[in-house]
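Because the structure is predicted, anything quoted here is derived from the model rather than measured. Position 1 is the first residue of the sequence, and the numbers go up from there. Both counts, for ligands and for their atoms, begin at 1 and track the order of listing. Values below: all heavy atoms of this structure, side chains included; hydrogens, waters and symmetry mates excluded.
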Amino acid sequence: MGAHVTRTQVGIIGAGPAGLFLSHMLHRMGIESVILESRSREEIEATIRAGVLEQWTVDLMNGMGLGERMMREGHFHTGFTLRVNGESHHVDTAELTGGKMVTVYPQHELLKDLAAARLAEGGQILFGVTGVGLEGVECDRPVIRFRRGTDGPEEELRCDFVAGCDGFHGPSRQAIPAALRTEYQKVYPFGWLGILTEAPPSYHELVYANHPRGFALLSTRSPEVQRLYVQCDPKDDIANWSDDRIWSELHQRLETRDGWRLTEGPIFQKGIIAMRSFVCGTMRHGRLFLAGDAAHIVPPTGAKGLNLAVADVVYLSRGLEAFYKEGRTDLLDGYTETCLRRIWKAERFSWYMTTMLHRNEEDSPFEQRIHLADLEYAVSSRAAMTAIAENYVGLPL
Ligand code: RFL
Ligand code: PHB
């Protein structure tokens, strides 16, 4: 007996921001898709990741009629603070960019909204699949093999196109022969220790702090829960970080000279993440298209990762629409090039914010002074601040 076969137009691997946004956009274009996701819905909806949405990402959510809860529960920030030597410098993004803002709305809440809406429309998202493997992406009839759960029989998803939206560790990028892939990478010698604490907001906007002890970031999640990060050794063991030590570092790095105090609360989640910049310069192989973290990674300092994933699938959906409605392949043929123009700008901005704001023991004294001069210039020049602001709120699509 042959494997059970399902047919669709676009087979999507991964139900992260890239995969879910893509299925929504395709549905509105009258293009069918099926999403295969290895994790359970519960796990995805409980994983804490990004928090900052660019203005156009918010506009896109609203334009698709999916933004109702985000508009009710999200936090709208017209700027953020750069804190240097205990002095606060407000970057008024709205004033510097003609009214653009960023919205703090947790990634897992966004994913909940996207998955619920897609399933309510009759969309197919298969959670908890295993053994995902790609075949035939070089010809016109690609096949994705998978199993439901760990012990379901092997099944085939036959499609016209495969969207590899499976994150940095997923199988899609590896399905492009190594000899055809150009990859660029930078690994940073520091990471972030992130916490969630049950406390009221300490400040009305995000604070990015540069301090001789290292970087710190004050962010938020809700009126009751705050998100904070401290620069640390990426190989450090979280067991070395008692709550007291975390608060002590946060107080020192975020402290100001005007008497402002960080509000503490019980810490209920903590973890360490490493930081890298990565670009796969080959985002298409035959009928396989990579999107989001599957193709690129930015360090989180610029808050770009999720937004960049959504931008990729906007371009991909336009290419697929031109293919199905007009038989044109030019947009699909130009996919990698179109995406990479935006990706490299986001890579540059994320790298710039990261190198400028962190303390890097591997930097020569010359480089350390240059980064400090960069920062001092940024907070003293309207032109430099405008450049930061327009990148932070998101470059036009
Ligand atoms: P995701 O979110 O990793 O989703 C990929 C999905 O694919 C599934 N998958 C598979 N499915 C089937 N078969 C397989 N073999 C599979 N292998 C993997 C995975 O289970 C997963 O569900 O990728 P996507 O969609 O490209 O989205 C990228 C974003 O999630 C990522 O860029 C952001 O989270 C990055 N990021 C931030 N981005 C922002 O725009 N603003 C922020 O403020 C921000 N803060 C952050 C961040 C990332 C962080 N971490 C933990 C890396 C803060 C942190 C701490
Ligand atoms: C977050 O709230 O998780 C967050 C905010 C801003 C960043 C990165 C992460 O630059």
Side-chain angles (χ1 to χ4, degrees), residues 11-23 35-41 43-45 47-54 57 75 77 80 102-108 110-111 114-115 125-134 144-147 157 162-175 191-196 205-208 215-222 225-229 269-276 278 290-313 343 346 349-350 353-354 357 392 394:
I12 301 175
I13 309 179
L20 284 169
F21 263 104
L22 179 61
S23 71
I35 304 184
L36 302 178
E37 165 58 53
S38 56
R39 293 187 297 158
S40 69
R41 190 171 173 191
E43 190 183 342
I44 290 178
E45 294 183 351
T47 304
I48 309 296
R49 292 186 82 180
V52 178
L53 304 177
E54 293 175 2
T57 306
H75 302 268
H77 291 206
F80 64 92
V102 295
T103 300
V104 180
Y105 187 59
Q107 176 164 334
H108 63 283
L110 185 91
L111 295 180
L114 291 171
I125 310 174
L126 304 184
F127 291 99
V129 304
T130 56
V132 167
L134 286 96
I144 311 175
R145 290 186 193 283
F146 68 98
R147 290 175 196 280
L157 178 63
V162 177
C165 301
D166 46 359
F168 187 66
H169 301 287
S172 295
R173 189 174 64 257
Q174 309 304 331
W192 281 9
L193 187 161
I195 63 158
L196 284 172
E205 61 187 20
L206 269 64
V207 179
Y208 292 80
F215 171 79
L217 169 60
L218 170 64
S219 180
T220 184
R221 280 294 179 269
S222 69
V225 173
Q226 310 313 315
R227 178 79 164 147
L228 294 107
Y229 298 95
Q269 214 233 36
K270 52 183 171 184
I272 291 174
I273 57 161
M275 296 227 258
R276 77 171 87 224
F278 172 85
L290 303 182
D293 280 14
H296 42 76
I297 295 290
V298 286
T301 326
K304 290 278 153 271
L306 189 166
N307 299 284
L308 210 48
V310 182
D312 287 351
V313 295
I343 291 164
F349 179 68
S350 304
M353 291 285 278
T354 301
L357 288 167
Y392 194 76

Heavy-atom proximity to atom 8 (C) of ligand 1, best of Gln107, Glu37, Arg276: Glu37
Gly19-ligand 1 polar pair, N/O distance under 3.5 Å: no
Any N/O pair Gly170/ligand 1 closer than 3.5 Å: no
Side-chain heavy atoms of Phe146 within contact of Ile13, under 4.5 Å: no
Enumerated ligand 1 atoms positioned under 4.0 Å from heavy atoms of Val52: 40 (O), 41 (N), 42 (C), 43 (O)
4.5 Å side-chain heavy-atom contact, Val104 and Arg227: no
Worked verdict on Tyr392 versus His77 for side-chain contact (heavy atoms from CB on, under 4.5 Å): CA-CA 12 Å; Tyr392 194 76; His77 291 206; over 6 Å; no
Sidechain-backbone polar pair: Arg145 side chain, Gly131 backbone, donor-acceptor under 3.5 Å: no
Option whose closest heavy atom lies nearest to atom 27 (O) of ligand 1, chosen from Pro17, Gly167, Gly292, Ala303: Pro17
Non-hydrogen atoms of Val52 and Asn307 that approach each other most closely: O-ND2, 3.1 Å
Atoms of ligand 1 close to Gly51 [distance to a heavy atom under 4.0 angstrom, numbered from 1]: 42 (C), 43 (O)
Distance (rounded to the nearest 0.5 Å) between Leu20 CG and Ile44 CD1: 7.5 Å
N or O pair under 3.5 Å between Arg49 and ligand 1: yes
Distance from atom 4 (O) of ligand 1 to nearest protein heavy atom, with residue and atom: Gly16 CA, 3.5 Å
Closest contact, heavy atoms only, Ser172 versus Gly164: OG-CA, 3.2 Å
Nearest-contact summary for atom 18 (C) of ligand 1 - protein heavy atom, Å: Asp166 O, 3.2 Å
Protein contact to atom 13 (N) of ligand 1 [nearest heavy atom, distance to 0.1 Å]: Val132 CG2, 3.6 Å
Sub-4.5 Å side-chain heavy-atom contact between Leu110 and Thr57: no
Element-labelled atoms of ligand 1 that are located less than 4.0 Å from some non-hydrogen atom of Leu36: 11 (N), 12 (C)
Smallest separation among heavy atoms of Ala163 and Leu22, with atom names: CB-CD2, 3.4 Å
Enumerate the pairs of nitrogen or oxygen atoms, one from ligand 2 and one from the protein, separated by less than 3.5 angstrom; state names and distance to 0.1 Å.
| residue | atom | partner | partner atom | Å |
| --- | --- | --- | --- | --- |
| ligand 2 | 2 (O) | Ser219 | OG | 2.6 |
| ligand 2 | 2 (O) | Arg221 | NH1 | 2.8 |
| ligand 2 | 3 (O) | Arg221 | NH2 | 2.9 |
| ligand 2 | 3 (O) | Tyr229 | OH | 2.6 |
| ligand 2 | 10 (O) | Tyr208 | OH | 2.7 |
| ligand 2 | 10 (O) | Pro300 | O | 2.8 |
| ligand 2 | 10 (O) | Thr301 | O | 3.4 |

Numbering as shown, the atoms of ligand 1 that approach Lys304 to under 4.0 Å (heavy-atom distance): 39 (C), 40 (O)
Sidechain-backbone polar pair: Asp166 side chain, Gly14 backbone, donor-acceptor under 3.5 Å: no
Close approach of Tyr229 to ligand 1, heavy atoms, under 4.0 angstrom: yes
Protein contact of atom 39 (C) of ligand 1 - nearest heavy atom, named by residue and atom, plus distance: Leu306 N, 3.2 Å
Passing option when Thr47 is tested against His108, Gln107, Arg39 for side-chain hydrogen bond (donor to acceptor under 3.5 Å, both in side chains): Arg39
For atom 45 (N) of ligand 1, closest protein heavy-atom neighbour: Ala50 CA, 3.2 Å
Heavy atom of the protein closest to atom 32 (O) of ligand 1 (residue, atom name, distance): Asp293 OD1, 2.7 Å
Close-contact set for ligand 1 against Gly305 heavy atoms, below 4.0 Å: 32 (O), 35 (C), 38 (N), 39 (C), 40 (O)
Atoms in ligand 1 with a heavy atom of Cys165 nearer than 4.0 Å: 5 (C), 6 (C), 7 (O)
Atom 15 (N) of ligand 1: the protein heavy-atom neighbour that sits closest, reported with distance to 0.1 Å: Pro171 CD, 3.2 Å
Which residue and heavy atom of the protein sit nearest atom 25 (O) of ligand 1, plus the separation: Ala18 N, 2.9 Å
N/O donor-acceptor pair under 3.5 Å between Arg147 side chain and Thr130 backbone: no
Parallel, tilted or perpendicular: ring planes of Phe215 versus Tyr208, cut at 30 and 60 degrees: tilted
Heavy-atom nearest neighbour of atom 9 (N) of ligand 1 within options Ala294, Ala309, Ser38, Pro299: Ser38
Check: Leu217 and Phe80 side chains under 4.5 Å, non-hydrogen atoms: no
Heavy-atom proximity to atom 54 (C) of ligand 1, best of Thr47, Ile273, Ile12, Ile13: Ile273
CG-CD distance between Leu196 and Gln269, expressed to the nearest 0.5 angstrom: 5.0 Å
Whether Lys304 side chain and Ile297 backbone form a donor-acceptor pair below 3.5 Å: no
